[in-house]
Amino acid sequence: MEWTSAITATSMGASVPWPSLAPYDDGVTATDPIAELRSAVNQAARALRDGELTGPEPSLDCPPKPELGDYSSNAAMLLAAPLGEKPHDVAVRLGAELERELGGGESIDRIEVAGPGFVNLFLSDPWYRRAMASLAGAGERLGPTPTDSPERVLVEFVSANPTGPLHVGGGRHAAYGDALTRLLEAAGHEVQREFYVNDAGGQVERFAASIAARMSGGEMPEDGYEGAYVAELAERLGAEGVDPADSDLVGRRGVKLVLEEVRATLDRFGVHFDNWFSERDLYARGEVDAALGRLDRAGHTYKSEGALWLRTTEFGDDKDRVLIRAGGKPTYLAADVAYHWDKLERGFGRLIDVLGADHHGYAPRLRAAIAALGADPDAFEAPIMRLVHIVEGDERAQMSKRSGDFVSLDELIDDIGVDAARWFMLWRSHDTPVDLDLELARRESSDNPVYYVQYAHARIASILRKAGEGAERASADAGALTPGTSLQPTEKALIKRLLEFPDEVREAAARRAPHRVCAYSTTVAADFHAFYRDCQVVGAEGEGVERSRLALCLLTKRTIAGALGLLGISAPERM
RNA sequence: GCCCCCGUAGCUCAGUGGACAGAGCGACGGCCUUCUAAGCCGUGGGUCGCAGGUUCGAAUCCUGCCGGGGGCGCCA
C-alpha cells in the first residue's frame, strides 16, 4: 500500500516526494475539511480496486470553472488503465462510491462526471459551514499543521562582504532569506538565521588599504574601494586616532563600522539574524586547520604544483580545487569547508546557503567538499538569487549613481518604504531577475499589488470596526450558524481560498518559494474584494447572515495577515 | 568546449501531468446619495522558442536544436 494522505505526502515537499511512510488514511484530522475530502476520494478509489492500490495519488483540485463544481478529482482516469475500463465508466462508479463515503446528502449536493473522466463534487452549504468552523477553530494560528519530520535548518543568507553598505541586491537576498526562514518555521522546522562575515582575506586587506590611502592621502590600491563611504570611514578612523599604517587595526575597525551600518539597515528592513559568524574567528579557533586535517585523513587531498588540492571531482565537481595556495595562503574554499563542517557539527541536518548568481558555480564544489568531509551532500542546498534591476517607468535607472556606488538598500527604503521594497523583491521567483519599477512601487493605488493586498486587510478592519463587538462573537460559533439564505458564490469562493492557505504555505516552504505566498495573498485579496462587492456584511438581511459574513471577514483578515507576515510585510488596520 | 538558469499576452512574470493557459502593468470602455473607489465590472490581446518522444492527457516529463543570461581562478 503506497498511498499517503496529501497531508503527509506534501508536508516534506520537494526532496521527499510521496510515497512516504504513512498509510494514506493516517494523519487526517477530523476537523480538516480538505483532508476529509481527500481521504474520501482515496477510500472510494481503493474500494474500486478491492483495497489494492499503487501509483500516483488521486488529485483534489479546484476546477477551472464554477459550473464544474467545487472540487474535482482525476482518480477515475488514473484507475481506468489498471481496471481496464473506460475512464468515464470508472468515474460514474467512483462517484457513487464517493457519495456513500461522504455520508449521502450531508456534505454533497451532487456529483457529476465531466470531460475526460473528472469526478466533480458540488458541496453543500453545511459543508462550507463546517469548513468555516474548522478555520475558526484554528484561532489566530492559521496555516499548516507542523510537519511530522521536522529538520534543524541553518539558513545562511546575505553574507555580503563587510566592505560597504548593502545595495539592493543584498536587499533581495535579505528579503528572500528572511521570508524563507519564516516559511520553514511555519511548516514546523527549527531554523537559525546566519550571516557569514568574510572578515579575513584579500578583500579586507584591500579595503583597509583603501581606507588608509584616504587617511594618509597615499596611493589607492589596485581594485580599491572608491565609494564616498570609504572617505567617511577614513575620517572617523582618523578622529579615533587610528594609525593608517596599522593596516590590521584599520581593517578591523573599518569592518566593524560597516557591519554596524549593515546591521542597522537590515534591522530597518525587518531582517534579524540569530548569529553573525566571523571567518576570522574560524581561523582563530583553528577550525580551518582541523577541517583540512579531516580531509587529509580521509585521503581526499593531494599536493601538486606547490598547492594543496581537494579532490572534488570524486564527488561530482568538474575539476579539483585548491585549498592552500602555493604561497601558503588558504583559499576562500578552505575557510568555507571549515565553516560548513562547523555548521554540521552544530547539529544542523539541513544547510541552506542563499547564493548570488555570480556564485552559482561555487555550489557544486561546496557540495563536493561536504561529501568529502563524510557528510550527506543532499543536506546542502544553494538557492541561487538573480539580480535586481532598478527601473523607473520605461527607463532603466542607472545601477550606479557614482562610479562604484550602487543604489543602496537604505536609499530604496527611503524611496518606496519597507513593505513595497520587500514585496517587489519577493513577488518573483528567486531564480528570475527582478525589474523593480520605482514608479509603480511608489504609487499608492490599486495598481500597486502590495497595497492591493494591504487594502483588503484594512477594508476588513474597517468593516469589523463598524460592526463593533458583534464581530468578536461571530468568530466563535461561525460553523454552527445556519442562516436562512444560502451562501453566495463569492462567499463560497472566498472560503475555498482560505482553505488553501495551509497547503500553500507547505508548498512554498518545500519549494523554497516565498513568491508563491505573494501570488496567493493577491488572490485572497481579489476574492475578498469580489465578496465585498456582492455581499453586504454589516446590516445584511436574513437570519444570521450578518454574523456569518462577519466571521468570514475575520477569517480572511487573519489569513491575509498571516500571509503578509510570512513575507515580513505589515497588515495595516487603516489605509 | 563543459555546467547552471531562462525562453508563456505589447512589457514584467505566475503556472514542475489534467478540462477552452493566468496575474500585474500598459491600452480602451463603464461603476461612488450604500460596510474604505488604494475598489469593482467589461473589451482587446498568446504558434506556451522550434522539432520529435513518453502519456488516456504535456506549458509542465525525456531527447535534440535555436535564442538570451550567468558560471567555469592558486578572486571572493
Side-chain angles (χ1 to χ4, degrees), chain A residues 14 56 59 61 63-65 68 72-74 77-78 80-81 86-87 114-118 120 159 161 163 198 200-204 206 223 279 304-309 317-319 321-333 335-336 356-365 384 386-387 389 391 394 427-429 431-437 439-440 443-456 458-467 511 513 515-516 518-520 522-523 525-526 528-530 532-540 546 549-550 553 574-575:
Chain A
S59 69
D61 304 307
K65 286 193 299 187
L68 296 172
S72 68
S73 179
N74 64 356
M77 291 178 291
L78 297 176
K86 288 182 178 174
F118 287 101
N120 294 335
S159 299
N161 280 336
T163 52
N198 297 123
Q203 89 278 357
V204 172
R206 224 165 43 243
D223 298 323
E279 182 184 7
S304 174
E305 303 168 50
L308 181 70
W309 296 72
D317 199 5
D318 48 11
K319 54 187 286 194
R321 307 292 171 174
V322 170
L323 290 166
I324 306 286
R325 288 174 262 220
K329 283 185 176 177
T331 60
Y332 183 82
L333 179 64
D336 238 353
D358 54 341
H359 283 72
H360 87 256
Y362 195 71
R365 78 189 70 164
I384 302 300
R386 307 305 297 272
L387 295 176
H389 300 287
V391 174
D394 286 337
W427 73 325
R428 300 308 184 203
S429 167
D431 62 5
T432 191
V434 159
D435 281 343
L436 201 164
D437 186 341
E439 207 174 82
L440 176 62
R443 223 179 294 171
E444 296 197 350
S445 76
S446 60
D447 301 341
N448 189 333
V450 62
Y451 295 132
Y452 180 82
V453 176
Q454 289 183 317
Y455 180 71
R459 212 177 204 186
I460 296 169
S462 171
I463 293 172
L464 296 178
R465 275 195 302 274
K466 177 152 183 158
R511 294 172 191 257
H515 74 278
R516 289 178 153 259
C518 290
Y520 174 72
T522 304
T523 62
F528 173 75
H529 289 309
Y532 176 88
R533 177 193 69 227
D534 290 350
C535 303
Q536 181 70 27
V537 178
V538 177
E546 180 186 73
R549 288 180 180 169
L550 280 172
C553 283
R574 295 169 201 274
M575 287 176 75

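Letters go in sequence order (proteins before strands), and every chain restarts at 1.
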Heavy atoms only, 4.0 Å cut-off, all strands: where does [X] land among base, sugar-phosphate and nothing?
| X | value |
| --- | --- |
| A/R516 | sugar-phosphate |
| A/H515 | sugar-phosphate |
| A/Q203 | sugar-phosphate |
| A/R428 | base |
| A/N161 | sugar-phosphate |
| A/Q454 | nothing |
| A/L78 | base |
| A/A326 | base |

[X] [atom1] to [N] [atom2], straight-line distance once rounded to whole Å:
| X | N | atom1 | atom2 | value |
| --- | --- | --- | --- | --- |
| A/F528 | B/A38 | CZ | P | 14 Å |
| A/W427 | B/A23 | CH2 | C1' | 9 Å |
| A/N448 | B/A37 | CG | P | 18 Å |
| A/D317 | B/C2 | CG | P | 17 Å |
| A/I384 | B/G70 | CD1 | C1' | 10 Å |
| A/D358 | B/C5 | CG | C1' | 14 Å |
| A/D431 | B/G70 | CG | C1' | 12 Å |
| A/L387 | B/G70 | CG | P | 9 Å |

Has A/F118 got its ring stacked on the base of B/A19, with centres under 5.5 Å and planes less than 30° apart?
-> yes
Complementary nucleotide for [N] - Watson-Crick or wobble, under 3.5 Å:
| N | answer |
| --- | --- |
| B/C61 | B/G53 |
| B/G22 | B/C13 |
| B/G29 | B/C41 |

With no angle test and no hydrogens, is the base of B/G71 tied to the side chain of A/H360 by a donor-acceptor pair under 3.5 Å?
->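 Between B/G71 and A/H360, which were checked side chain against base, a qualifying N/O pair under 3.5 Å is absent.
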Decide yes or no, distance alone: a donor-acceptor N/O pair under 3.5 angstrom between the base of B/A19 and the side-chain of A/S72.
->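 Per atom types, the contact qualifies.
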Flag, side chain of A/Q203 to backbone of A/N198, donor-acceptor distance under 3.5 Å =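 Side chain of A/Q203 to backbone of A/N198: a pair is present.
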What's the closest nucleotide to the side chain of [X] if the choices are [options]?
| X | options | result |
| --- | --- | --- |
| A/P64 | B/A19, B/C74, B/A76 | B/A19 |
| A/R386 | B/A14, B/C5, B/C35 | B/C5 |
| A/M575 | B/C41, B/C35, B/A38 | B/A38 |
| A/V538 | B/G73, B/C35, B/G15 | B/C35 |
| A/R459 | B/C35, B/C6, B/A37 | B/A37 |
| A/T432 | B/C74, B/A14, B/G24 | B/A14 |
| A/N120 | B/G18, B/A19, B/C13 | B/A19 |
| A/P63 | B/G73, B/A76, B/A19 | B/A19 |
| A/V537 | B/A76, B/C35, B/G18 | B/C35 |
| A/P116 | B/A76, B/G18, B/G73 | B/G18 |

Are A/N161 and A/T163 close enough that a side-chain donor and a side-chain acceptor fall under 3.5 Å?
-> no
Does a side-chain heavy-atom distance below 4.5 Å link [X] with [Y]?
| X | Y | result |
| --- | --- | --- |
| A/I463 | A/Y532 | yes |
| A/D318 | A/P364 | no |
| A/R386 | A/V434 | no |

Chi-based syn or anti call at B/C32, which uses purine or pyrimidine torsion atoms and a 90° bound = syn
Just say parallel, tilted or perpendicular for the rings of A/Y362 and A/H359, cut-offs at 30° and 60°.
->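 A/Y362 and A/H359: perpendicular rings.
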If only side-chain N and O atoms of A/Y532 are considered, is one of them under 4.0 Å from the OP1 or OP2 phosphate oxygen of B/A37?
->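 Indeed, a polar side-chain atom of A/Y532 lies that close.
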Counting just side-chain N and O atoms, does A/K319 come under 4.0 Å of either OP1 or OP2 of B/G73?
->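 For A/K319, the contact criterion (side-chain N or O under 4.0 Å from OP1 or OP2 of B/G73) is met.
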Integer angstrom distance from the [atom1] of [N] to that of [M]:
| N | M | atom1 | result |
| --- | --- | --- | --- |
| B/G52 | B/G46 | P | 23 Å |
| B/C66 | B/C11 | P | 24 Å |
| B/G26 | B/U43 | C1' | 15 Å |

Step-by-step side chain to side chain contact (heavy atoms under 4.5 Å, CB included) determination, A/L68 to A/F118 | CA-CA 9 Å; A/L68 296 172; A/F118 287 101; over 6 Å; no
